[in-house]
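Read the structure below first, then the notes.
Just so it is clear, the structure is predicted and the values come from calculations on it, not from any experiment. We name chains A, B, ... by the order of the sequence lines, and we start the count at 1 in each one.
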Protein chains: 2
Amino acid sequence: MTKSRGKRRQKVTLQHVADAAKVSKATASLALNNNPRISEPTRQRVLDAVEALGYVYNQRAASLRTQRSYTIGLVFKDVSNPFNAELTSGAESQLADHNYSLVLATTNDNLEKQARMVKTMLERDVDGLILAPTATTAAASLQSLMDFCPLVLLTPYYESLAVDCVGMDDANGTARAVEHLIRQGHRRIAFVGGFATDLTRQRRLQSYRGTLQRHNIEFDPALRIAGPVSRRGGYDAVHQLLSVPRPPSAAYCYSDVIAFGVMLGLRAAGMEAGRDFAVIGFDDVPEASLWHPSLTTVSNDPRGLGEQAAQLMLRRLATADATIKRVIMPSHLVLRDSTAAPVHEMPS
Amino acid sequence: MTKSRGKRRQKVTLQHVADAAKVSKATASLALNNNPRISEPTRQRVLDAVEALGYVYNQRAASLRTQRSYTIGLVFKDVSNPFNAELTSGAESQLADHNYSLVLATTNDNLEKQARMVKTMLERDVDGLILAPTATTAAASLQSLMDFCPLVLLTPYYESLAVDCVGMDDANGTARAVEHLIRQGHRRIAFVGGFATDLTRQRRLQSYRGTLQRHNIEFDPALRIAGPVSRRGGYDAVHQLLSVPRPPSAAYCYSDVIAFGVMLGLRAAGMEAGRDFAVIGFDDVPEASLWHPSLTTVSNDPRGLGEQAAQLMLRRLATADATIKRVIMPSHLVLRDSTAAPVHEMPS
DNA sequence: GCTCCTGAGTGAATCGGTTAAGCAACAACT
DNA sequence: AGTTGTTGCTTAACCGATTCACTCAGGAGC
């Protein structure tokens, strides 16, 4: 048989169950919800009928009345970024424990697609939305989104909004990374990747400059390279960096993927990270430990981030007027081989 | 202000829109669905009202009547496996194009959790289910699942079921991998990872044995190591392999993550993949090209797999009695450094 | 003038649950 | 006996859309 009969089982509804148990639909409903007003024998009859008929509860129908869909929307750029995959996994496991499901959508960092996806989520009547806004999302549009459903942001950079959010400790993470490089003797340290509109990048850049300043190192705009958050972006940055009059001996990269690109770019230029040049990333994605050389990076527990976001959402759903909570996940520097060697002079 | 007002906008329903446009609810509905029976001026009045009131369509309510929820459930072991992340990404993008959303659930390869998740999906009234069944899932239970909703399996190994499915070309992929090793001069080739219950593994093992046989190489059970699909699993297997009387000079691994573990295990034993030992993986996850040495592996386009699965589902939803389609995604061997060196004698 | 269309819109049932209000039967208490 | 309470269940409204069957004007045809 290679032909589907396309014959689906006739849907069994609560009414059928009620009939079979010889009670009213209301009683059946109450029985299934363990309402104490229903006697034990009756409840058992209902449960037996459910079993016998193979009844499947229709959450969707129920939600129409209860106004609770038990689904949470999760919207971010891309699942295939390992950071987001971990984050999703963390959120999913928390939510599943509380009987919530996760509906997924991705934006490709495109504002228009984000709007479309958010709309879809609202039409699906999600109970809440966990959102990593694209770089250019206006605070006002997030504010108005909050009129429609509870919101948890995956970024700490909308301070003007009274919104729950969870973010990484960009300032501290960056400071520690840069300080590590300075301690190793580096004085010419590049900042690589990301675009100027990106709020997270702005914060890290600020911390980078502050840290340099605290160590009396002058900030050199030529060492700040903007570019896409991808391997390619890092690879291409290396060209620019090496052609600066006094080239850097180290790079602090906006994210691990960029750092990977930088390492590849260095190799193409006959240099090796960890020996001829120091490279630090941000995220600590699983690959970071696998690279050769392994990547020193700021670790951020993406799974924990997802769990936190889920928990903030669950909390807000439980008590709508709870105090706004902004969670900053601690980050710590993971020392690996890409910064192993102390500074040494660049061949100009 | 650090206190949420918890004040959500009062939900605007179609009735409100109808009132504002001075038409009936029915007319409003028809207008929004571009029904030709509604005149253009009236339709415009409705659209204006929608705009003015900020009406949000309630897909959930509609689905109660239409019996179409426009959501597809995706159930597999774990998002954080990069293979699955890519697959999800592929499926999501296809489905989003057709206005479907993805609801996600993970099983941790646990039969009981799988049952729970599938039940949740059915209660959510998904239009269809894309499922990567856990290793021990009985065909019968999948069969009965098909009574409830369209199903697409992410494995080709339930031939007895009339079910759409998409899988990898395990037999061919394995054969090419093993043949490559043989051509390099290897005669003692291990098969590493996975458990005997796993249908996919069975298929690959069979192809591995067949290929050896075709080249007149005797199968040695001591070179077949079972174990978890993880880095650890691969790492631990190395111990066993190296203590076999005549140790192997190459390993064909059940998956890339296992291969990574094997490489780490080799290094711990003072050997290097690609130089002292050949290693091949399966999947071609992004890390495969990043490892050092980079991993020769069977490439499988996980994103394409996800896209295919989504397309099979969309097709089945469009025509319920379409012919069953079993898609085998072509796989090809990606030659990298982990198999670069020709065979050389093992230090026994 | 009368019937018959046709085009445009409406009323009401419907999907599958939940829940407020009500009611019958019986026990307990004055 | 009459009031009051409880217990256990039922009736019917409701959630927010869709859709079938119907109405109602106005125009065409005779």
Give the nucleotide from the list [options] with an atom nearest to the side chain of [X].
{"X": "B:Ser39", "options": "D:dT18, C:dG9, C:dG17", "answer": "C:dG9"}
{"X": "B:Leu14", "options": "D:dT10, C:dA12, D:dT18", "answer": "D:dT18"}
{"X": "A:Thr13", "options": "D:dA17, D:dG8, C:dG16", "answer": "C:dG16"}

Sole candidate of A:Arg316, A:Lys325, A:Arg326 that passes salt bridge (Lys or Arg N to Asp or Glu O under 4.0 Å) when paired with A:Asp164: A:Arg316
Rounding to a whole Å, what distance do you find between [X]:[atom1] and [N]:[atom2]?
{"X": "A:Gln15", "N": "D:dT11", "atom1": "CD", "atom2": "C1'", "answer": "12 Å"}
{"X": "A:Asn58", "N": "C:dC15", "atom1": "CG", "atom2": "P", "answer": "12 Å"}
{"X": "B:Leu53", "N": "D:dG16", "atom1": "CG", "atom2": "C1'", "answer": "15 Å"}
{"X": "A:Gln67", "N": "C:dT19", "atom1": "CD", "atom2": "P", "answer": "11 Å"}
{"X": "B:Asp19", "N": "D:dG16", "atom1": "CG", "atom2": "P", "answer": "13 Å"}

5' priority, DNA chain D, between A:Glu40 and B:Val12 [closest heavy atom]: A:Glu40
5′-ward residue of the pair B:Thr66/B:Arg43 relative to DNA chain C: B:Arg43
DNA chain C: 5'-proximal contact among A:Lys11 and A:Arg37 (nearest heavy atom): A:Lys11
